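Working notes, beginning with the structure itself.
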Amino acid sequence: MKLAAPLPRSFYERNTVVVARKLLGKLLVKRSDDGVIIGKIVEDEAYGGRDDPASHAYRGETPRNKVMFGKPGLSYIYFVYGNHYCINATTEREGVPGAILIRAVEIVDGLQLARKNRPAKSVVELANGPGKLTKALGITKVHNELDLTTSTGLFICKPERDASFEVIASKRIGIKAGSEKPWRFYMEGNKFVSRYGAKRDTP
DNA sequence: GAGAAGATCTCCT
DNA sequence: GGAGATCTTCTCA
């Protein structure tokens, strides 16, 4: 599959909510010795800084979340619930915390390898959740703080053809504080969007 | 150092 | 629909 160059750092160096909307439809590329897996981003969530109680950066900088305060366009990967990794892309200018949680992708290449990483009943269930997609793509904490703007093991690029789609905004999922913010974005009618979240939509 | 919480998923009822 | 799994990180004493 022919791939475009990674998105430049200037793409990420903007308001987190703006970048979250723009990130939909882009391709998340994971390269390893086993091969390449490419997922189209169909759902994500924006997380801010001091003004967002749901964000890891709300209480200030810690060793864990320091990536969010660093350069835009880096990967921020953390472990939750003793079971799952979640992948974020950092945003805003250096020193301003912000990140976008990638919640679901549609696997467009490397399907066989993704299924090997995470056996699932159907292609739809392979990566329709934050924990699911990291498992399917083989992403762990070793991929934390990687530069997503260079063609390394992990990066994000534009698709070959820009498809048009409607972006739906809704409340974020799985959080208590700050859940009223409509900072979750997904492609309208896309079946790869995480299911139980889609049910909670109240536009 | 101990205890609690957590941006989830899967299995069981 | 509910609860357990399982471990990292943070807060507080």
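Residue numbers begin at 1 in each chain, while the letters A, B, ... track the order of the sequences. Bear in mind the structure is a predicted one, so any value in this text is a computation, not a measurement. Values below: all heavy atoms of this structure, side chains included; hydrogens, waters and symmetry mates excluded.
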(request) Please check the phosphate of B:dA7 (OP1 and OP2 only) for any side-chain N or O of A:Lys176 closer than 4.0 Å. (result) no
(message) With a 4.0 Å cutoff (strictly under), does any side-chain N or O of A:Arg184 reach OP1 or OP2 of B:dA7?
(response)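 False: A:Arg184 side-chain N/O out of range (4.0 Å or more) of B:dA7 OP1/OP2.
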(request) Could you tell me whether A:Lys66 and A:Glu61 make a salt bridge, using a distance below 4.0 angstrom between a side-chain N and a carboxylate O? (result) no
(request) Rounded to the nearest angstrom, tell me the gap between atom CG in A:Asn65 and atom P in B:dG6. (result) 16 Å
(message) If I take atom CD1 in residue A:Ile173 and atom C1' in nucleotide B:dG6, what distance separates them, rounded to the nearest angstrom?
(response)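 Between C1' of B:dG6 and CD1 of A:Ile173: 16 Å.
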If you check every side-chain atom of [X], which of [options] has the closest atom?
| X | options | answer |
| --- | --- | --- |
| A:Arg64 | C:dC10, B:dA7, B:dC9 | C:dC10 |
| A:Asn83 | B:dA7, C:dT6, B:dC9 | C:dT6 |
| A:Arg118 | C:dC10, B:dA7, B:dC9 | B:dC9 |
| A:Tyr81 | C:dT11, C:dC7, B:dA7 | B:dA7 |

(request) Report the secondary structure of DNA chain C in dot-bracket form, marking unpaired bases with a dot and bases paired to a different strand with |, and treating Watson-Crick or G-U pairs with both distances under 3.5 Å as paired. (result) |||||.||||||.
(message) With the criterion set at under 5.5 Å between ring centres and under 30 degrees between planes, would B:dA7 be stacked on A:Tyr47?
(response)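 Taking the rule of under 5.5 Å and under 30°, the ring of A:Tyr47 does stack on B:dA7.
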(request) May I ask you to say what A:Gly82 touches in the nucleic acid, namely base, sugar-phosphate or nothing, with a heavy-atom cut-off under 4.0 Å? (result) base
(message) Is it the case that the side chain of A:Ser55 and the backbone of A:Gly48 share a donor-acceptor pair, with hydrogens and angles ignored and the cut-off at 3.5 Å?
(response) yes
(message) Please check: side-chain N/O of A:Ser75 versus main-chain N/O of A:Leu146, any donor-acceptor pairing under 3.5 Å?
(response) yes
